[in-house]
Amino acid sequence: MKIKFATMTAVIALGATAAFAEEVRVYNWSDYIDESLLEKFEAETGIELIYDVFDSNEVLETKMLAGGSGYDVVVPTGDFLQRQITAGAFQQLDFDKLPNSVNLWELIKDRTEQYDPGNSYSINYMWGTTGIGVNVAKVAEVLGDDAPIGSLDLIFNPENMEKLAECGVYMLDAPTEIIPAALAYLGEDPNSFDTDMINKAGDVLLGVRPHILKFHSSEYINALANGDICVAFGWSGDILQARDRADEADNGVEIAYNAPSEGALMWFDQMAIPVDAPNPEAAHKFLNFIMDAENMAAASNYVYYANGNEASMPFLEEDVIGDPAIYPSEATLENLYTAVPYPPKVQRVVTRLWTKVKSGT
Amino acid sequence: MRRLLVGVPYVWLLVLFLVPFGIVLKISLSDIALAIPPYTPTLDLSGGWAGIREFFSQLDLENYVFLTSDDLYWKAYLSSLQIAVIATFLTLLAGFPIAYGMARAPEEWRPALLMLVILPFWTSFLIRVYAWIGILSTEGFLNQFLLWTGLISEPLTILNTNTAVYIGIVYTYLPFMILPIYATLERMDASLLEAAEDLGCSRIQAFWLVTLPLARPGVVAGCFLVFIPTLGEFVIPSLLGGSDTLMIGKVLWEEFFNNRDWPVASAVAIILLLILIVPIILFQRNQQLNREAEQ
C-alpha cells in the first residue's frame with residue numbers, strides 16, 4: 001500500500017512537470033479577468049500560468065521599485081506606469097513577438113502615449129472612468145427623486161452626505177484619484193500641483209469625512225451588490241460588476257453608474273513586462289494571447305470595462321459596447337481628464353493630506 | 001571547540017539583528033530617488049576606498065529632522081503606546097484567571113489544557129484575524145446571535161473600530177500572557193497557601209499576599225511579551241481597525257507604499273526600535289533578577 005502510494009505521487013508529480021515545462025507569473029488587479037481565459041492560455045501554450053492579484057497601484061509600485069518581484073507581466077495604471085518607466089522598471093516590448101498588436105485601438109494608443117511615449121513599454125488592457133455608483137432606490141428614499149446622482153455634488157456636498165450617511169458611503173482608498181475629483185468639484189484644474197489648491201481639495205474631503213463609512217478599493221463591489229451601502233465612489237467596471245451581481249442575486253437592488261458631469265478621471269491599465277522578468281519570452285506570449293480579439297472581448301464581457309482593442313468590438317456583447325457607462329459617447333469623452341504623476345514633494349503633501357482625511361490627524 | 005560554542009550566539013545576533021538593523025539605519029540616512037531600489041546612494045564596492053568615503057559623505061540626518069516637523073509621527077507613536085498599554089492590561093485581565101485555573105486544575109488535565117492554549121497556533125495568524133471579521137461585522141455571527149437573543153434590536157458597529165482592534169490583540173496574544181504566568185503558578189509551592197491559612201489569612205487574603213507576589217515574574221514577562229509586539233502591530237489594526245485607528249505600523253506602511261519614501265520609512269522604524277529598547281532592557285533585567293532570586 002505504501003509503495004503504491006509513493007508510485008502514485010511520483011506519477012502525479014511527473015505528470016505535472018510533463019504538462020508544464022515553463023511558467024509565467026502574472027500580477028493583475030482583483031476581479032479583473034474572465035478566469036476561463038487563464039485555463040485557455042495554459043491549454044493553448046502549455047505554459048503554467050500563475051495568477052496573483054492586488055488592489056492598489058501603490059502596492060504594485062513598491063514591488064516594482066524593490067526589484068526582483070518575480071512577475072513576468074504586471075498591470076499598472078498609466079500615471080504609475082510612467083513613473084516606473086522613468087525608474088527603469090520595465091523592458092521594451094518586442095513587437096515582432098506580438099503579431100496581435102495590430103488589433104490595438106489607435107484612439108486609445110494616442111491617449112496612452114502621454115504615459116508611455118511611443119507605446120514601446122506597454123499595451124492597454126482595460127480603461128475606464130472613476131465615478132459614482134448608487135443604489136437607486138435607497139438614494140431616492142434619502143434624497144428624493146431628483147438626487148444629483150450624476151454630479152460630484154452628491155458626494156462632496158456635506159448636506160447630501162449627511163443624509164446619505166444613514167445608508168452608507170464608500171470611497172476609493174486612492175488619493176491620486178479622489179483629490180483630482182475634489183479639485184474638479186471646485187471647478188479647478190484636477191491635475192494641479194499647487195499645494196494650496198490641493199489643501200483646498202482636502203478641506204472639501206474633511207467636510208464630508210464624518211459621513212464616509214470606509215475608504216477601500218475593492219470591498220465596495222460586494223457591499224453595493226448586497227445593499228449594505230447606497231453610494232460608492234469607485235471604478236466604472238467594478239460598479240457595473242456590482243450591478244450585475246445584484247441582478248444575478250435578484251435581491252431587488254438596482255445599481256447605477258455615472259461619470260460625474262463636472263468631469264471624470266479617465267484611466268488606463270497597461271500591461272508591461274518588468275525589466276527583471278524571469279520569463280520574458282512567455283510574458284510576450286501572454287500579452288499576444290490577451291490581444292487576440294476574441295480573448296480581449298471575453299475579458300471585457302466579463303469585467304464590464306472597455307478595452308484598447310479595436311478588433312474585439314464585434315465580439316463584445318450589446319450590454320457592454322452599447323452601454324455609455326462603459327464605452328462613453330463622444331460628448332462624454334470630451335469631458336474626461338487624465339491623471340499626471342505627482343512629483344515627490346507634491347506626492348508627500350497628497351499622502352499627508354490623505355492620512356489626515358482618513359485618520360483625522 | 002569551546003570558543004566556537006560561545007561564538008554561536010554572537011553570530012546569530014550579528015546575522016539576525018545587527019546586519020538588518022545596519023541596512024535599515026543606512027537607508028534612513030539616504031535620500032529618496034526614482035530608481036530601483038528607490039533611494040540613493042547605494043553602496044558600490046567597485047569604486048574602491050574613495051567610493052566608500054564618497055558613499056558615507058552622502059549620508060545625513062535629514063529624515064530624522066523631517067520626523068520632528070510633523071506632529072503626525074508623535075501622535076502615531078503616542079496612540080500606539082496607548083493602544084499597546086490598554087491591550088496589555090486587557091490581555092492580563094483575561095489571561096491571569098485562565099493561567100490560574102490551569103495551574104489549579106488536576107495534574108492529569110494540565111497537558112491537555114496547555115495543548116488547548118497552544119492549538120490556535122496551528123492555523124495561520126492571518127486566517128484567524130480574518131475569522132474575526134466574519135464574527136464582528138454588522139451582518140456577522142456576533143450581531144446575529146445578539147439579535148436572536150433579543151439583547152439588542154439594532155446591530156452593533158464593532159468592526160472597523162478600536163474595540164475590534166483590542167479584541168483582535170487580546171485574542172492573538174493571549175497565549176503569550178497565559179504561558180509565562182502558568183509556568184510561575186504551576187511551580188508555586190501549595191504548602192505556602194496552607195501556611196498562610198494556618199496563620200489566619202482568608203483565602204482571598206492569601207491570594208493577594210502570597211499567590212500574586214509569587215506570580216509577579218510571570219505577569220511581568222507576559223506583559224512584556226504582549227506589549228512589545230503590540231506596539232508595532234500592523235496586521236490587526238489594518239484588518240479590524242477603522243480609517244481613524246492611528247498606529248505607527250500603519251504610518252510606516254504608508255511611508256513605504258504611498259509615499260514610496262523608504263528613507264523616511266526607515267527613520268520611523270529606527271525610532272520605533274529606540275522606543276522599544278527601553279521595555280526590552282527592563283524585560284531582560286526582570287528575567288535576570290528572577291534567575292538570581294532562584295539561585
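In what follows, chains are A, B, ... by sequence order, proteins preceding strands, each numbered from 1.
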Would you please say whether a donor-acceptor pair under 3.5 Å links the side chains of T351(A) and E254(B)?
->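 Distance-only check fails for T351(A) and E254(B).
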Salt bridge (charged side-chain N to carboxylate O under 4.0 Å, His left out): pairs with one or both residues in residues 205-214 of chain A, sequence neighbours excluded |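 Those involving residues 205-214 of chain A are K214(A)-E219(A).
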Could you tell me whether K356(A) and D71(B) have a side-chain N and a carboxylate O separated by less than 4.0 Å?
->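 The answer is no: the pair does not qualify as a salt bridge.
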Contacts under 3.5 angstrom, residues 192-203 of chain A side chains, donor-acceptor by atom type, not counting sequence neighbours:
residue, atom, partner, partner atom, Å
S192(A), OG, D194(A), N, 3.1
D194(A), OD1, D196(A), N, 3.0
N199(A), ND2, T195(A), O, 3.1

Which residue out of P37(B), S79(B), P38(B) racks up the most heavy-atom pairs below 4.5 Å with chain A?
->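 So the answer, after comparing P37(B), S79(B), P38(B), is P38(B).
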Kindly compute the distance separating CZ (R83(A)) from CG (L34(B)), expressed to the nearest 0.5 Å.
->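 Separation between the atoms: 7.5 Å.
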Measuring from I32(B):CD1 to R348(A):CZ, what's the distance to the nearest 0.5 Å?
->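 Reported to 0.5 Å precision, the distance equals 7.0 Å.
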Is [X] in contact with chain A via its backbone, its side chain, both, or neither, using a 4.5 Å heavy-atom distance?
X       : value
Y39(B)  : neither
N160(B) : side chain
V264(B) : side chain

How about residues 51-72 of chain A versus chain B: which residues have heavy atoms under 4.5 Å apart?
->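 Near chain B, by residue number: E58(A), V59(A), E61(A), T62(A), M64(A), L65(A), A66(A), G67(A).
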Does OH belonging to Y130(B) count more than 12 external heavy atoms closer than 6.0 Å?
->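 Counting other residues, nucleotides and ligands, OH of Y130(B) stays at 12 neighbours or fewer.
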Acceptor/donor pairs from residues 119-128 of chain B side chains to any protein atom, 3.5 angstrom cut, sequence neighbours excluded:
residue, atom, partner, partner atom, Å
S124(B), OG, L126(B), N, 3.1
R128(B), NE, P120(B), O, 3.1
R128(B), NE, T123(B), O, 3.4

